[in-house]
Amino acid sequence: MSESEGGVMAGVEWRVFDAPAPYAETLAAMEARVAQIGAGAASEAVWLLEHPPLYTAGTSAHPSDLVQPDRFPVHIAGRGGQYTYHGPGQRVAYVMLDLNKRGRDVRKFVCALENWIIATLAEFNVTGERRAGRVGVWVVRPDRKGPDGEAAEDKIAAIGVKLRKWISFHGISINVEPDLTHFDGIIPCGIADHGVTSLVDLGLPVTMADLDLALRATFEQIFALPNGPVDACPKNPQI
């Protein structure tokens with residue numbers, strides 16, 4: 001993996017990788033870092049990167065949702081969730097945080113990741129929303145009708161996490177300008193009735209560097225210690 005910049009914010013080390021990161025190598029490096037964090041040998045970390053085109057299967061993935069199994073490499077991710085796509089133009093943020101000192105609350109942590117995405121999208125005047133029973137962050141498309149006759153809703157960001165000894169890994173992905181047709185090879189997250197979008201698809205000329213700045217600016221709002229992650233979650237979220 002090639003690192004283009006790094007830094008530490010509030011005890012969290014940030015790295016941005018300037019070349020598409022091979023999935024298996026990245027997963028191994030992430031697992032090693034999680035072990036180091038758990039042992040007190042390394043700081044918490046957020047890695048910002050892109051992958052080459054590939055599909056990953058979470059622990060709830062259904063084989064029938066892999067529509068085109070030969071289109072791209074398929075990796076067993078070990079994270080929560082179902083099938084998703086990663087590729088150029090999509091920002092993946094791997095989030096390795098110690099929930100032993102941030103509160104051992106999985107619901108609160110997943111909701112905080114949603115809050116982080118929503119706050120980041122708001123930096124570009126995009127309204128990201130939760131939907132009951134649909135993990136991730138969604139945007140309303142009033143120019144199109146959905147299956148229920150109401151305005152269509154497209155997914156712009158995905159969430160899939162895993163915890164080991166209360167250290168988090170995997171994380172989130174936000175579509176900046178990926179090839180959206182690459183999602184056709186799967187039923188993303190098992191949801192067939194709704195589409196997928198990106199910031200550029202919404203008509204916003206956002207670059208990866210723009211998004212990275214927004215991610216770092218909003219991270220502190222959500223995860224700053226000693227009180228983070230901020231508990232601004234629905235009382236009965238379905239996540």
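On a predicted model such as this, the values are computed, not experimentally measured, just so you know.
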> With D154, which residues qualify under salt bridge (charged side-chain N to carboxylate O under 4.0 Å, His left out), at least two apart?
Replying inline: R141, R144
>> Checking the side chain of S198 only, and the main-chain atoms of P178 only, is there a donor and an acceptor separated by less than 3.5 Å?
In response: no
>> Nearest 0.5 Å, please: how far is CE in M208 from CG in D18?
In response: 12.5 Å
>> Could you measure the distance from the OG1 atom of T84 to the CZ atom of F183? Nearest 0.5 Å is fine.
In response: 5.5 Å
>> Checking L202 against F124 for the side-chain contact (heavy atoms from CB on, under 4.5 Å) test, could you report, in this order, the C-alpha distance in whole Å, the side-chain angles of both residues, the deciding distance, and whether it holds?
In response: CA-CA 11 Å; L202 293 173; F124 306 103; over 6 Å; no
> Among pairs that include at least one residue of residues 66-80, which meet salt bridge (charged side-chain N to carboxylate O under 4.0 Å, His left out), considering only residues two or more places apart or in two chains?
Replying inline: none
>> Measuring from atom CE of M30 to atom OH of Y94, what distance do you get when rounded to the nearest 0.5 angstrom?
In response: 5.0 Å
> When clusters are formed by joining ILVMFWY residues with side-chain heavy atoms under 4.5 Å apart, either directly or through shared neighbours, do V196 and V200 land in the same one?
Replying inline: no
>> Any non-hydrogen side-chain atom of P22 less than 4.5 Å from a side-chain atom of P52?
In response: no
> Which pair of non-hydrogen atoms, one from T56 and one from A77, has the smallest distance, and what is that distance?
Replying inline: CB-CB, 4.0 Å
> Taking all non-hydrogen atoms of both residues, which atom of S168 and which atom of V34 are closest, and how far apart?
Replying inline: O-CG2, 3.8 Å
> So, does R15 use its side chain to make a donor-acceptor pair with the main chain of V46 at under 3.5 Å?
Replying inline: no
> Roughly how far, to the nearest 0.5 Å, is CD1 of I222 from OG1 of T120?
Replying inline: 8.0 Å
> Can you tell me how far the CG atom of L27 sits from the NE2 atom of H170, to the nearest 0.5 Å?
Replying inline: 5.0 Å
>> Any heavy-atom pair between the side chains of I172 and V137 that's under 4.5 Å?
In response: no
>> Ignoring hydrogens, what is the shortest heavy-atom contact between A93 and L48? Give both atom names and the distance.
In response: CB-CD2, 3.6 Å
> Checking side-chain contact (heavy atoms from CB on, under 4.5 Å) for the pair N175/T197: CA distance, chi angles, key distance, verdict?
Replying inline: CA-CA 7 Å; N175 297 329; T197 191; over 6 Å; no
> Taking only residues two or more places apart in sequence, or in another chain, which ones meet W166 in a ring-ring contact (aromatic ring centres under 6.0 Å, His included)?
Replying inline: none
>> Under the salt bridge (charged side-chain N to carboxylate O under 4.0 Å, His left out) definition, can you give me all pairs with a residue in residues 160-179, not counting sequence neighbours?
In response: E31-R164
> For the residue pair A21 and T26, what are the closest heavy atoms and their distance?
Replying inline: CB-OG1, 3.3 Å
> Between R33 and S43, does any side-chain donor sit less than 3.5 Å from a side-chain acceptor?
Replying inline: yes
>> I'd like to check the ring-ring contact (aromatic ring centres under 6.0 Å, His included) partners of F169; sequence neighbours left out, ordered by chain and number.
In response: none
>> Determine whether K155 and H194 satisfy the following criterion, side-chain contact (heavy atoms from CB on, under 4.5 Å), listing intermediate values before the conclusion.
In response: CA-CA 7 Å; K155 191 170 191 176; H194 299 277; over 6 Å; no
> Rounded to the nearest 0.5 Å, how far apart are CD of E44 and CG of L99?
Replying inline: 8.5 Å
> Less than 6.0 Å separating the ring centroids of Y55 and Y83?
Replying inline: no
>> Just to verify, what does H86 make a ring-ring contact (aromatic ring centres under 6.0 Å, His included) with, not counting sequence neighbours?
In response: H51
> Backbone N or O of T218 within a donor-acceptor pair of the W116 side chain at under 3.5 Å?
Replying inline: no
>> Using every non-hydrogen atom in the two residues, find where I117 and A157 come nearest and quote the distance to one decimal.
In response: CG2-CB, 3.6 Å
>> Please tell me whether I156 and V140 are part of a single hydrophobic cluster in this structure, the criterion being side-chain heavy atoms less than 4.5 Å apart.
In response: no
> Regarding Y23 and H75, is there a side-chain donor-to-acceptor distance under 3.5 Å anywhere?
Replying inline: no
> Between V206 and V176, which heavy-atom pair has the shortest distance, and what is it?
Replying inline: O-CG1, 3.4 Å
>> When you measure from the side chain of R102 to the backbone of F223, do you find a donor-acceptor pair of N or O atoms at a distance under 3.5 Å?
In response: yes
> Do Q90 side-chain atoms and Y85 backbone N/O form a donor-acceptor pair below 3.5 Å?
Replying inline: yes
>> Please say yes or no: joined through hydrophobic side-chain contacts below 4.5 Å, possibly via intermediate residues, are I118 and L204 part of one cluster?
In response: yes
>> Are the side chains of D184 and V67 in contact, using a 4.5 Å heavy-atom criterion?
In response: no
>> Run T207 and D210 through side-chain contact (heavy atoms from CB on, under 4.5 Å) and show every step you take.
In response: CA-CA 5 Å; T207 67; D210 294 333; 3.0 Å; yes
